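Counting begins at 1 with the first residue of the sequence. All values reported here derive from a predicted model rather than from experimental measurement.
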Amino acid sequence: MTKLYNVSSSPHVRSKLTTGGVMYDVILALLPASVMGVWCHGIHALLVILVSIATAVLTETVFNYIAKKPNTARDGSAVVTGLLLSLSLPASVPLYIPFAGSLFAILVVKCFFGGLGHNFMNPALAGRCFLLISFSGIVTSFEVDGVSAATPLVDLAAGKVINISEIFLGFSNGVIGSSIAALALGGLYLWVVGGITFEIPVAALVSFSAFIALFGGQGFDPLFILAHLCGGGIVMGALFMATDPVTSPVTSSGQLLFGAAVGILSGLFRVFGSAADSVSYAIIISNLLVPLIDEISIPVPYGNRSQSNEKKGIPKSAITLCIITLIAGACLSGVFEMTKETIEQRQMEANAASYREVCPGAEEFVYDDALSAAVESLGGEVYGTDFGKAYINEIVVGNDASGNVAGYVISATSGDGFDGNITLSVGISADGTINGISFTELNETAGMGMLCGEDAFKSQFSGVNVDKFILNKSGGSSADNEIDSVSGASVSSGAVVNAVNAALDFYAANVK
């Protein structure tokens with residue numbers, strides 16, 4: 001009788017594990033990456049981290065106060081969201097970027113869905129995707145010592161040799177939390193204390209590596225695969241974002257399947273996508289698959305033989321939605337293929353109209369082999385070091401009716417626009433005088449940056465023969481080389497001036 005067990009009333013399972021304990025473990029695990037990010041990128045990186053965390057905590061506190069709910073900001077989950085978001089941003093972003101991202105992540109993705117445990121996707125990732133869509137020109141702009149530069153992934157995609165050791169330590173150009181060594185150290189700590197299990201990170205990294213080996217174009221080249229693993233956000237995503245317990249499957253088999261989905265989608269976007277790194281989108285899409293993964297991976301309780309459990313499988317609603325998605329995707333793909341040539345033709349017509357506007361004396365526009373070779377030699381990289389994120393797209397020669405050169409037209413793009421790229425044509429006469437500028441891509445804020453497309457701003461460049469323009473933000477310019485900024489749109493105005501100056505510099509170096 002002494003060996004009988006005493007069974008008390010439920011609940012029977014007790015654990016010292018708390019939400020706050022888990023979250024503070026994550027914060028501690030992210031400290032090495034944060035310290036390395038500030039050390040490598042400077043004090044502005046620290047400001048980005050602090051603004052992001054403060055906004056996340058304040059947003060959750062204010063929402064709970066207004067909604068008359070208990071203050072959950074003390075559990076550390078808001079701090080984790082703000083910290084993860086900031087580490088996934090470039091160190092050079094303006095401070096309103098982490099503010100907007102954290103506000104969206106906490107308010108829309110977390111609070112509006114019922115708070116921690118009810119969000120269907122990772123808030124930090126959702127905030128980053130929101131910023132990528134809303135402020136793509138800023139969030140994808142990386143600088144080293146104030147000069148725009150390509151990330152290692154962009155260099156890798158262009159076939160350039162990259163320094164893996166610099167990327168591994170975090171000294172290369174990239175986001176604040178780009179140190180793979182620091183991230184791996186934090187991930188190891190989380191695994192040791194039980195904050196994460198090995199299934200999701202291992203499945204994600206292995207499937208990603210396999211996809212790169214099969215479809216990356218270099219075969220099973222260890223250095224090439226290692227470069228892809230170190231470059232971009234796959235390590236941070238696999239260790240700290242995909243392992244979010246709220247938005248990941250509950251079973252080991254489900255976690256393996258989920259991790260494999262993350263890795264394969266990341267590899268798919270990396271190799272065949274237009275963006276160099278789209279791990280954020282891969283994890284969010286996989287988050288949406290978690291209910292389905294749980295449905296097919298959670299085992300039936302022993303002894304339960306109900307009809308519903310015996311027929312357990314993929315829900316009909318999921319199959320229907322999948323079929324609808326495939327049909328819609330096929331239709332959209334078909335429409336794109338049918339209209340692709342028309343779109344390209346319209347773009348060519350728009351470019352031709354822009355060229356005629358800035359070089360009115362030309363009867364035809366032709367390409368010069370030497371000048372085209374000079375453009376190609378730039379390799380699509382940022383032009384020079386004094387023009388921000390400016391690119392030279394092409395140069396054409398305008399000939400008059402007699403076949404004489406009437407002028408040149410240079411197409412240039414600035415990636416420093418407030419809402420994305422700004423592409424324009426600069427018409428330059430044979431003696432170096434600017435005939436004018438015309439925009440072929442301008443998507444700035446209505447009533448502000450879009451005013452750069454008005455004659456009041458564009459006419460400042462016409463009929464002037466200078467080597468370089470200077471932006472005057474205070475207005476009232478009298479010198480030929482000074483351009484008055486559009487009121488309230490100095491960022492857009494500066495981007496236009498940078499693009500024009502890049503065109504002038506290219507003209508001086510290759511034509512004049």
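Ring geometry for F215 against F211 counts as tilted: the plane angle lies between 30° and 60°, on a 0 to 90° scale. Ring geometry, F130 versus F104: the interplanar angle falls under 30°, so the pair is classed parallel (tilted spans 30 to 60°).
Listed for the S492 side chain is no donor-acceptor partner under 3.5 Å among the backbone atoms of A489. Between the side chain of H228 and the backbone N or O of A213, no donor-acceptor pair lies under 3.5 Å. Here the side chain of S134 pairs no donor or acceptor atom with the backbone of L131 at under 3.5 angstrom. A distance-only check finds a donor-acceptor pair linking the side chain of T81 to the backbone of S77 [under 3.5 Å]. Looking at R128, its side chain does come within 3.5 Å of a backbone N or O of S88 through a donor-acceptor pair. Judged by distance alone, with hydrogens and angles left aside, the side-chain atoms of Y383 form a donor-acceptor pair with the main-chain N or O of F506 at under 3.5 Å. Judged purely by atom type and a 3.5 angstrom limit, S377 uses its side chain to pair as donor or acceptor with the backbone of A374. Checking side-chain atoms of S266 against main-chain N and O of A282 turns up no donor-acceptor pair under 3.5 Å. Side-chain atoms of Q460 come within 3.5 Å of backbone N or O of D484 as a donor-acceptor pair.
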Criterion side chain to side chain contact (heavy atoms under 4.5 Å, CB included) on I284 and C129, from CA distance to verdict | CA-CA 9 Å; I284 281 185; C129 291; 3.6 Å; yes
Check step by step if side chain to side chain contact (heavy atoms under 4.5 Å, CB included) holds for I49 and V38.
-> CA-CA 9 Å; I49 294 173; V38 174; 4.1 Å; yes
Show your working on side chain to side chain contact (heavy atoms under 4.5 Å, CB included) between I422 and E441 and close with a plain yes or no.
-> CA-CA 5 Å; I422 296 177; E441 182 182 11; over 6 Å; no
Derivation of the side chain to side chain contact (heavy atoms under 4.5 Å, CB included) call for K458 and C452 = CA-CA 7 Å; K458 294 195 301 180; C452 292; over 6 Å; no
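Of the inter-residue distances, the one linking N64 atom CG with C111 atom SG reads 6.0 Å to the nearest 0.5 angstrom. Distance OG1/T61 to CD1/I66: 11.0 Å, rounded to 0.5 Å. Taken from CZ in F387 to CG in D505, the straight-line distance is 3.5 Å, to the nearest 0.5 Å. Once rounded to the nearest 0.5 Å, the distance linking CG of L185 with CG of L30 reads 11.0 Å. M36 contributes atom CE, which lies 13.5 Å from atom CG of L31 (distance to the nearest 0.5 angstrom). L58 CG to I53 CD1: the interatomic distance, rounded to the nearest 0.5 Å, is 13.5 Å.
When the salt bridge (Lys or Arg N to Asp or Glu O under 4.0 Å) test is applied to E60, the partners found at least two apart in sequence or on another chain are K110.
Taking both residues in full, the closest heavy atoms of A29 and Y189 are given as CB-CD2, 3.9 Å, listed atom of the first, atom of the second, then distance. Contact between G237 and V279 at its shortest, heavy atoms only, is CA-CG1, 4.5 Å. Closest heavy-atom contact between F461 and V496: CZ-CG1, 4.1 Å. Scanning all heavy atoms of the two residues, the minimum distance from M236 to L87 falls at CE-O, 3.7 Å. Heavy atoms only, all atoms of each residue included: L85 and A124 are closest at CD1-O, 3.6 Å. Residues D416 and N498 share a closest heavy-atom pair of OD2-ND2, 3.9 Å.
No side-chain donor-acceptor contact under 3.5 Å links T55 and S102. Between the side chains of T440 and T423, no donor-acceptor pair is found at a separation under 3.5 Å. Inspection of the S52 and S86 side chains reveals no N or O donor paired with an N or O acceptor under 3.5 Å. Donor-acceptor pairing under 3.5 Å is lacking for the side chains of Y24 and D75. Residues T197 and Q255 have side chains that bring a donor and an acceptor to within less than 3.5 angstrom of each other.
Within the 4.5 Å cutoff, the side chain of S411 has no heavy atoms near those of the I395 side chain. Counting heavy atoms from C-beta outward, L83 and S34 have side chains that approach closer than 4.5 Å. In this structure the side chain of I428 reaches within 4.5 angstrom of the side chain of L504, judged on heavy atoms. Two residues are said to be in side-chain contact when any heavy atoms from C-beta on lie closer than 4.5 Å; F469 and I434 meet this criterion. V79 is not listed as a side-chain neighbour of M23, based on a closest heavy-atom distance of 4.5 Å or more. You'll find the side chain of S209 stays beyond 4.5 Å of the side chain of V206, heavy atoms only. N393 has its side chain out of reach of V375: every pair of non-hydrogen atoms, C-beta onward, lies at least 4.5 Å apart. Here the side chains of F457 and E454 are not in contact, with every heavy-atom distance at 4.5 Å or above.
Residue Y96 places its OH atom among more than 12 non-hydrogen atoms of other residues, nucleotides or ligands, all under 6.0 Å distant. Within 6.0 Å of CG on N71 lie more than 12 heavy atoms contributed by other residues, nucleotides or ligands.
When ring centroids are compared, Y281 and F269 stay outside the 6.0 Å threshold.
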